[in-house]
*Asks:* 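Take this structure first; my questions come after.
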There are 2 protein chains.
Amino acid sequence: MTASIRDVARRAGVSLGTVSNVLNRPDQVGAASRERVLAAIAELGFVRNESARQLRAGTSRTIGLVVLDIANPFFTDVARGVEDVANEAGLAVILCNSDDLPAKEGAYLDLLAEQRVQGVLITPTAELSPHLAALRRRGVPVVLLDRRAPGPGQCAVTVDDVLGGRLAADHLLERGHRRIAFVGGSSGLPQVEERHAGVVAAVREELGGEDALTVFSPEKLTVAAGREAAAEIIGMPAARRPTAVVCANDLLALGMLQEMVRHGVRVPEEFAIVGYDDIDFAAAAAVPLTSVRKPRQELGRRAALLLLDEATRGPDHVHEQLVFEPVLVVRESSMVRRTGRSSAGGTTTPDTRRTVVGPHTTTPAGESPVTEESA
Amino acid sequence: MTASIRDVARRAGVSLGTVSNVLNRPDQVGAASRERVLAAIAELGFVRNESARQLRAGTSRTIGLVVLDIANPFFTDVARGVEDVANEAGLAVILCNSDDLPAKEGAYLDLLAEQRVQGVLITPTAELSPHLAALRRRGVPVVLLDRRAPGPGQCAVTVDDVLGGRLAADHLLERGHRRIAFVGGSSGLPQVEERHAGVVAAVREELGGEDALTVFSPEKLTVAAGREAAAEIIGMPAARRPTAVVCANDLLALGMLQEMVRHGVRVPEEFAIVGYDDIDFAAAAAVPLTSVRKPRQELGRRAALLLLDEATRGPDHVHEQLVFEPVLVVRESSMVRRTGRSSAGGTTTPDTRRTVVGPHTTTPAGESPVTEESA
DNA sequence: CCGGGCGGTTGACACGTTTCATCCCCATGG
DNA sequence: CCATGGGGATGAAACGTGTCAACCGCCCGG
């Protein structure tokens, strides 16, 4: 069928080992034979069989990346960061989309195990899959992405989501809101629960209780789910209806915004919205979205670097758990509009030191990670 | 290191071939030994080595998907369609992001060739890479995605982009626009050139010449590029400045919209915008975006099905070139707003039979593909 | 009692590559 | 002239699996 290294050797009139050397250590082979081999390779259209290479060498050239929702730009941004680092190291990335389904996640993890990937980056579903544990037991490096490690002895790259939730809620409370909703309640994802916890803490501190907080728990964190939650809110009696919402991610927030606008609810005058992740589309929304920014690409980069370190250094590797500080980006969706549309794009009143304004801030102050070492 | 099939055999007290049979033809093996083997597999945590399987079997369980921009939701939607079909067939997808760089594309194609993928789905960069031709020469099925085949003898799944450009332009012309811009001019991508051609044809037919058309040719088809183009347009003298634009994709359109709003230009009253692709975020934009809808997921599905057919049926496979008809989805960004904000979300005046209104139409009429067989 | 057939099992071989100990040849120095 | 060394080239072995022809034991029909 396809030409093998053996055919090349025959054609070039050299031995099999020489061809292999041309491929892997070109400098250790004489110029003359090297030329002949290269010519033969070109003539035969030889392409190295990676399976055979991998079988013999015992090491693959790929890593796995498992995300919750490939349609969420947050994850494609993360993926880009991962890809950059991986490519630089000569590795390919197998991108898997679990769709937040444990079954799909498990299947993909098995697949990655069979492929003998060098390591796995994963934003896991709510429960940590046994397949994951099995992988680690086999010695495959695993780095958690946007998900805190359950204990030491494992790398993780995360964002302080309690702080993020707190930033979002504080912002709304300072704006005078007294009835607030949180969408994304008990999806089971710890990231979301932590955002929730941050919101709860802020509300409790400011208002002395949680009565003011209404929690919605959609099935999925999608635009459609956001719309549904909005419909629910609209259906509430005015006296109990929240005047502002913190959404667990930007997709929810965008759906929320869409539905509100569709029903003629004015944002932010009648209803303020804060999203989470600060995907690029947040700034381009019907009403530019206030959102909690995470260093998306950097998240992927750092996670990939940790994975590579563990994969190459082996037992010398010291596990690290990176925690980035999120930053609130205030835009129109949470600002009471000034008189007469002053400067489009949005002015702001400084909230806390961490607050960043406008869609074009490239490197917010607090974006350097907080590191804790362990194990 | 890790347990092999041989260890399992020893542990279960059976021969090596029996283990292999348990793995691949469980029904051909006695219940007793099967149980013993399965037990041994569980105890040893055995995981089949895919490289070895592939080397021996000569066939891989993966296909490659190469896209132009992973950050563009259009491609993630396509990818989802591909993934669904592939998974159903027990195949994994290696998703590669060429970033519209021929060098990166070539590198990925080489990688896929070394992996001996069953086939490649690709939205290629402007020039058809020699690496692609090499792949096909080696007998690897290749299906072009959103890109017309240069000749017969090859599968392709596309959208009639000339028609799409025409729909967009006709719509604006009917609305009374007489100076129109097209952004995405000569990026070199045929898809874009065809959209351009459609716009040109419509303008020429309606106005008898192309003087009314201003063409912008950004480097990339991104949100940032859209902003820049908008700045250019704003900088033009009012007399020559276009009153409407057709963008080669929605990212450009969103950027355009953002910058216009930022400069206080009212959309659509002072400037109308039509995008292309109809990604989900188009409907959620600052001003909901009129866009040319393509069946994104279906595009991926059909392409994957063709690939599978070619990969499995081999020479019996008859190449197919699917052409979908796009549909114009009219939203606010191109509608002269009615008095007093009647019904939010947008009413419409029927344009042609193909025009579809509102963001929530799920299966537009003309979405069934037009098929042409060849070779 | 014998031959044939069949479900179940075996084990050698092949897949394409990398590795490594070995070997060859020539130049250099003693 | 011989010993030494080193740059190049060689080819056998091994990686873990799938395949397939052969084999074994047993039952059934004659």
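In what follows, every chain begins at residue 1, and chains take the letters A, B, ... in the order their sequences are listed.
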*Asks:* Does Thr18(B) have a side-chain nitrogen or oxygen under 4.0 Å from the phosphate oxygens OP1 or OP2 of dG8(C)?
*Replies:*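 Looking at the OP1 and OP2 atoms of dG8(C), neither is under 4.0 Å from any side-chain N or O of Thr18(B).
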*Asks:* Base, sugar-phosphate, or nothing for Ser4(B), non-hydrogen atoms under 4.0 angstrom?
*Replies:*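 Since only primed, P, OP1 and OP2 atoms lie under 4.0 Å of Ser4(B), the category is sugar-phosphate.
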*Asks:* Below 4.5 Å, heavy atoms only, C-beta onward: do Glu320(A) and Glu310(A) meet side chain to side chain?
*Replies:*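 Not touching, per the 4.5 Å side-chain cut-off.
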*Asks:* Let me know, please, whether Asn21(B) or Asp27(A) comes out on the 5' side of the other along DNA chain D by nearest nucleotide.
*Replies:*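 This one resolves to Asp27(A).
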*Asks:* Please list, in numerical order, the residues of residues 46-55 of chain B that have a heavy atom closer than 4.0 Å to any atom of DNA chain C.
*Replies:*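 Going residue by residue through residues 46-55 of chain B, the ones with a heavy atom under 4.0 Å of DNA chain C turn out to be Leu55(B).
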*Asks:* Roughly, in whole Å, what's the span from CZ in Arg61(A) to P in dT17(C)?
*Replies:*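 Answer to the nearest Å: 15 Å.
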*Asks:* Could you tell me the separation between the CZ atom of Arg6(B) and the P atom of dC13(C), rounded to a whole number of Å?
*Replies:*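 Interatomic distance, CZ of Arg6(B) to P of dC13(C): 14 Å.
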*Asks:* If you assign each of Ala31(B) and Leu16(A) to its closest nucleotide in DNA chain C, which residue comes earlier from the 5' end?
*Replies:*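 Its nearest nucleotide being more 5', the pick is Ala31(B).
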*Asks:* Is Gly58(A) touching bases, backbone alone, or none of the nucleic acid, heavy atoms closer than 4.0 Å?
*Replies:*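 No contact at all - Gly58(A) keeps every heavy atom at 4.0 Å or more from the nucleic acid.
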*Asks:* With side chains defined as the heavy atoms from C-beta onward, is the minimum distance between Ile63(A) and Leu121(A) less than 4.5 Å?
*Replies:*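 With C-beta onward as the side chain, the pair touches.
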*Asks:* Is Glu83(B) salt-bridged to Arg80(B), going by a charged N under 4.0 Å from an acidic O?
*Replies:*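 No salt bridge links Glu83(B) with Arg80(B).
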*Asks:* So with a 6.0 Å cut-off around CD of Glu88(A), is the heavy-atom count from everything else above 12?
*Replies:*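 No - once you tally the heavy atoms of other residues, nucleotides and ligands closer than 6.0 Å, there are 12 at most.
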*Asks:* Would Val78(A) and Thr123(A) satisfy side-chain contact (heavy atoms from CB on, under 4.5 Å), going step by step from the backbone distance to the final call?
*Replies:* CA-CA 11 Å; Val78(A) 170; Thr123(A) 303; over 6 Å; no
*Asks:* To the nearest Å, give me how far apart CZ (Arg10(B)) and C1' (dG16(D)) are.
*Replies:*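 These atoms are roughly 13 Å apart.
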*Asks:* Apply side chain to side chain donor-acceptor pair (under 3.5 Å) to Thr59(A) and Gln118(A), showing your working.
*Replies:* CA-CA 7 Å; Thr59(A) 162; Gln118(A) 293 237 353; 3.0 Å; yes
*Asks:* For dA9(D), take OP1 and OP2 only and decide whether either is under 4.0 Å from a side-chain N or O of Ser15(A).
*Replies:*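 It does not, given that no N or O in the side chain of Ser15(A) lies less than 4.0 Å from OP1 or OP2 of dA9(D).
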*Asks:* Roughly how many Å is it from CG in Leu23(B) to P in dG16(D), rounded to a whole number?
*Replies:*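 Taking CG of Leu23(B) and P of dG16(D), I get 15 Å after rounding.
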*Asks:* Crowded around Arg48(A) CZ? As in, over 12 foreign heavy atoms under 6.0 Å?
*Replies:*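 Yes, because the 6.0 Å sphere around CZ of Arg48(A) holds more than 12 heavy atoms from other groups.
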*Asks:* Given atom CD of Gln28(B) and atom C1' of dT10(C), what is their separation to the nearest angstrom?
*Replies:*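 The answer, rounded to whole Å, is 14 Å.
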*Asks:* Between the base of dT17(D) and the side chain of Arg56(B), is one N or O donor paired with an acceptor at under 3.5 angstrom?
*Replies:*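 Counting by modelled atom types and ignoring angles, no donor-acceptor contact under 3.5 Å is found here.
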*Asks:* Once you round it to whole Å, what is the distance between C1' of dG16(C) and CG of Asn24(A)?
*Replies:*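 The answer, rounded to whole Å, is 13 Å.
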*Asks:* NA contact type, Arg25(A), heavy-atom cut-off 4.0 Å: base, sugar-phosphate, or nothing?
*Replies:*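 Touches sugar-phosphate only.
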